[in-house]
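This is a predicted model, so every value here is computed, not measured. When reading the values below, keep in mind they use all heavy atoms of this one structure, side chains included, and skip hydrogens, waters and symmetry mates.
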Amino acid sequence: DLKPGIKIKRILQRNDTSKRRICGDGRCFVCTTTQDGNCRKTGITYAIRCNGDCGGSTYYGETNGNAYTRGLEHMNDYKHERTNSVMMKHCRKKHEGERQQFEMRVTDYVRKDPTKRQIMEAIRINREVEDKRINERREWIVGKIPAVRVTPQ
């Protein structure tokens, strides 16, 4: 008579996902600005918020990678004033080119499901008040989620 025991996976598995672990790297956009931690988890959606006098305008993004790497890319683009930098574009549009302080946080973890991650990003973009949205119009129109209606027959 065989009885199931505790699976090895249960012994090794960490269920405490609510604890934030700050990486300690001074270059980490997430850990140095919001103290949120968990910057090394992959398959995320994220938000970059302006701390300037614009009232907290926010950019929403998603990546299959992690927040640490994506944050470094955003900070590098901003530092070098690249034309594709969402933060630099925002500074030019809302702050007359004056550089602002930004913060980055992870909003969702969605591993192994890029479609769900993109839908979650689109929902966040569409829910943001238009004058607080940093995402360009082409980003959030493409990501519109169609409404589904069920009608009785």
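Counting heavy atoms from C-beta outward, Cys50 and Lys94 have side chains that stay 4.5 Å or more apart. Using a 4.5 Å cut-off on side-chain heavy atoms (C-beta onward), Glu73 and Arg70 make contact. Asn64 places none of its side-chain heavy atoms less than 4.5 Å from the side chain of Thr42. Here the side chains of Ile22 and Gln35 are in contact, with some heavy-atom distance below 4.5 Å. In this structure, the side chains of Met87 and Arg99 stay at 4.5 Å or more apart for every pair of heavy atoms. With contacts defined as side-chain heavy-atom distances shorter than 4.5 Å, the pair Asp25/Arg40 qualifies.
Hydrophobic clustering keeps Val106 apart from Val110 (ILVMFWY residues linked when any side-chain heavy atoms are closer than 4.5 Å, directly or through intermediates). With hydrophobic clusters built from ILVMFWY side chains whose heavy atoms lie under 4.5 angstrom apart, Ile134 does not share a cluster with Met120.
Thr58 OG1 to Met104 CE: the interatomic distance, rounded to the nearest 0.5 Å, is 12.5 Å. If you take CD1 on Ile48 and OG on Ser57, they are separated by 13.0 Å, rounding to the nearest 0.5 Å. Distance OH/Tyr46 to CZ/Arg105: 13.0 Å, rounded to 0.5 Å. Here the SG atom belonging to Cys23 is positioned 9.5 Å from the CG atom belonging to Asn66, to the nearest 0.5 angstrom. Put simply, CG on Asp77 and CE on Met88 are 11.5 Å apart, with the number rounded to the nearest 0.5 Å.
Among all heavy-atom pairs drawn from Thr32 and Gly26, the shortest one is CG2-O, 3.4 Å. Heavy-atom minimum distance, Arg92 versus Glu81: NH2-O, 3.8 Å. Counting all heavy atoms, side chain and backbone alike, Val30 lies closest to Ala67 at CG2-CB, 3.7 Å. Counting all heavy atoms, side chain and backbone alike, Arg82 lies closest to Asn76 at NH1-ND2, 3.3 Å. The shortest heavy-atom contact between Cys54 and His90 is SG-NE2, 3.5 Å.
Listed by chain and residue number, His95 satisfy the side chain to side chain donor-acceptor pair (under 3.5 Å) test with Asp53 (two or more places apart in sequence, or in another chain). Every residue two or more places apart in sequence or in another chain was checked for a ring-ring contact (aromatic ring centres under 6.0 Å, His included) with Tyr68, and none qualifies.
Side-chain atoms of Thr107 come within 3.5 Å of backbone N or O of Thr45 as a donor-acceptor pair. Here the side chain of Thr33 pairs a donor or acceptor atom with the backbone of Phe29 at under 3.5 angstrom. Under the 3.5 Å distance criterion, the side-chain polar atoms of Gln100 are matched with a main-chain donor or acceptor of Glu98. Without hydrogens or angle criteria, Arg133 side chain to Ile125 main chain gives a donor-acceptor distance under 3.5 Å. With hydrogens and angles disregarded, a donor-acceptor distance shorter than 3.5 Å links the side chain of Asn135 to the backbone of Tyr60.
Remark: aromatic rings of Phe102 and Tyr78 are close, center separation under 6.0 Å.
Note: Tyr59 and His74 have perpendicular aromatic rings, judged against thresholds of 30 and 60 degrees for the angle between ring planes.
More than 12 non-hydrogen atoms from other residues, nucleotides or ligands lie less than 6.0 angstrom from NZ of Lys132. When the shell of 6.0 Å around CZ of Arg111 is examined, it contains 12 or fewer heavy atoms from other residues, nucleotides or ligands.
Salt bridge annotation for Lys93-Glu136: absent, with no cationic side-chain nitrogen under 4.0 angstrom from a carboxylate oxygen.
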